[in-house]
Amino acid sequence: MLNKYCLLIESCVWGFLVTLIISPFIISFIKREKVGQVILNYVEEHRYKVGTPTMGGIIFLISISLVSFICFTGSSKLAKMTIFIFLAFGLVGFLDDFIKFKFNRNLGLKAYQKIIFQLLISVAIGFYVYKNELVGGILVVPFSKNTIDMGFWIIPLVAVIYLATTNSVNLTDGLDGLATSTTFSYMIVFVALMLVLFQTIFIGFDEVQMSEIFNILIVCTVTIGAMLSFLVFNCFPAKIFMGDTGSLSIGSLVASVAVFSRLDLYIPIIGIMFVSSAVSVILQVAYYKLTKKRIFLMAPLHHHFQIKGVHEVRITTIYTLITAFIGAVVIIINILI
């Protein structure tokens with residue numbers, strides 16, 4: 001078991017190093033091609049960010065995929081599918097970013113086009129999960145040792161999980177380093193949760209199932225290393241933005257590692273700050289349609305705080321710490337039960 005822990009640490013280190021090494025070359029290429037961020041007219045606080053290189057998600061699409069495949073050991077079907085899904089959502093994000101760059105506008109793919117692409121991928125994943133004997137319709141009930149079998153209903157549930165998670169992470173990607181640091185914190189918590197559950201929920205798994213779970217852990221640790229390294233370039237003031245290429249792909253990773261380990265229901269708990277971004281937008285739009293008034297100065301929630309005068313760095317730090325705190329509570333409860 002000690003060797004496996006060492007492999008997790010090693011995969012994290014390699015995720016960090018590969019991302020750190022390739023980032024300057026990709027940033028240089030993006031600058032040379034003049035792929036800069038276009039800012040919405042009404043976001044006055046971000047005027048100075050116009051022209052900052054974007055589509056930085058390409059960096060960790062390469063590093064996470066490459067390092068993960070090198071580090072996989074034993075049975076790794078679910079982990080490999082996680083990477084394929086990661087690349088699929090990354091491609092949707094890339095198309096969105098490319099259109100923004102090509103036509104020099106903040107809006108890329110039309111909303112319905114983006115949703116159609118995401119929905120097709122998400123439903124396909126739902127069927128894959130349902131038919132896969134390693135996952136099936138089984139869900140772990142949070143804060144218990146119990147599971148429930150969703151049967152066929154796992155298909156729409158998984159589709160909703162992917163749509164909600166990818167778009168929530170996408171909405172959180174609105175400040176320098178915000179989505180990156182929040183995901184970094186989320187993944188650390190998720191690794192800790194899975195290691196705790198090795199002693200309870202996963203203890204009855206056979207060798208193949210344990211190998212599959214372990215390789216999902218490797219994806220998480222590689223992502224932790226890659227996110228930490230990307231923060232070197234993405235923290236305030238950002239030298240590059242991840243763009244939809246990054247936020248949609250990272251959102252799919254957040255969903256996949258939970259879905260394939262049957263921990264779907266932990267996503268809105270550990271990912272509470274992703275949820276806050278999505279819910280604030282939903283509430284803002286619904287309330288405005290009903291009353292022509294706004295709840296927040298601007299949605300998602302982080303923009304409300306920014307307009308109130310809270311600095312980007314403080315908001316990012318708070319999001320990261322809240323994720324870590326909620327995660328710590330989740331871990332402690334699971335250890336005690």
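When reading the values below, keep in mind they use all heavy atoms of this one structure, side chains included, and skip hydrogens, waters and symmetry mates.
Judged by the 6.0 Å and 45° rule, K293 forms no cation-pi pair with Y287.
Using a 3.5 Å distance cut-off with no hydrogens or angles, the side chains of N170 and S247 do pair a donor with an acceptor. A side-chain N or O of T221 and one of S11 form a donor-acceptor pair less than 3.5 Å apart. With no hydrogens or angles considered, no side-chain donor-acceptor pair links S185 and T323 at under 3.5 Å.
Applying side-chain contact (heavy atoms from CB on, under 4.5 Å) to Y319 and the options L175, I272, L301 leaves one that passes, L301.
Aromatic rings from F69 and F72 are positioned such that their centres are separated by under 6.0 Å. Outside the 6.0 Å centre-distance limit, the rings of F89 and F84 are not counted as a close aromatic pair.
Residues V219 and T223 share a closest heavy-atom pair of O-OG1, 2.7 Å. Among all heavy-atom pairs drawn from P142 and I269, the shortest one is CB-CD1, 4.1 Å.
By the 4.5 Å heavy-atom criterion applied to side chains, T172 and P300 are not counted as neighbours.
F205 CZ: more than 12 foreign heavy atoms inside a 6.0 Å radius. Heavy-atom neighbours of F29 CZ from other residues, nucleotides or ligands within 6.0 Å: at or below the threshold of 12.
Remark: the backbone N or O of H311 is not paired with any side-chain donor or acceptor of Q306 at under 3.5 angstrom. Checked by atom type and distance alone, the side chain of S256 never pairs as donor or acceptor with a backbone atom of T82 at under 3.5 Å. Side-chain atoms of R294 never come within 3.5 Å of backbone atoms of Y288 as a donor-acceptor pair (strictly under, hydrogens ignored).
The CG atom of L171 lies 11.0 Å from the CG atom of L178; values are rounded to the nearest 0.5 Å.
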field: side-chain contact (heavy atoms from CB on, under 4.5 Å) assessment of I216 paired with L78
entry: CA-CA 7 Å; I216 291 173; L78 295 179; 4.2 Å; yes

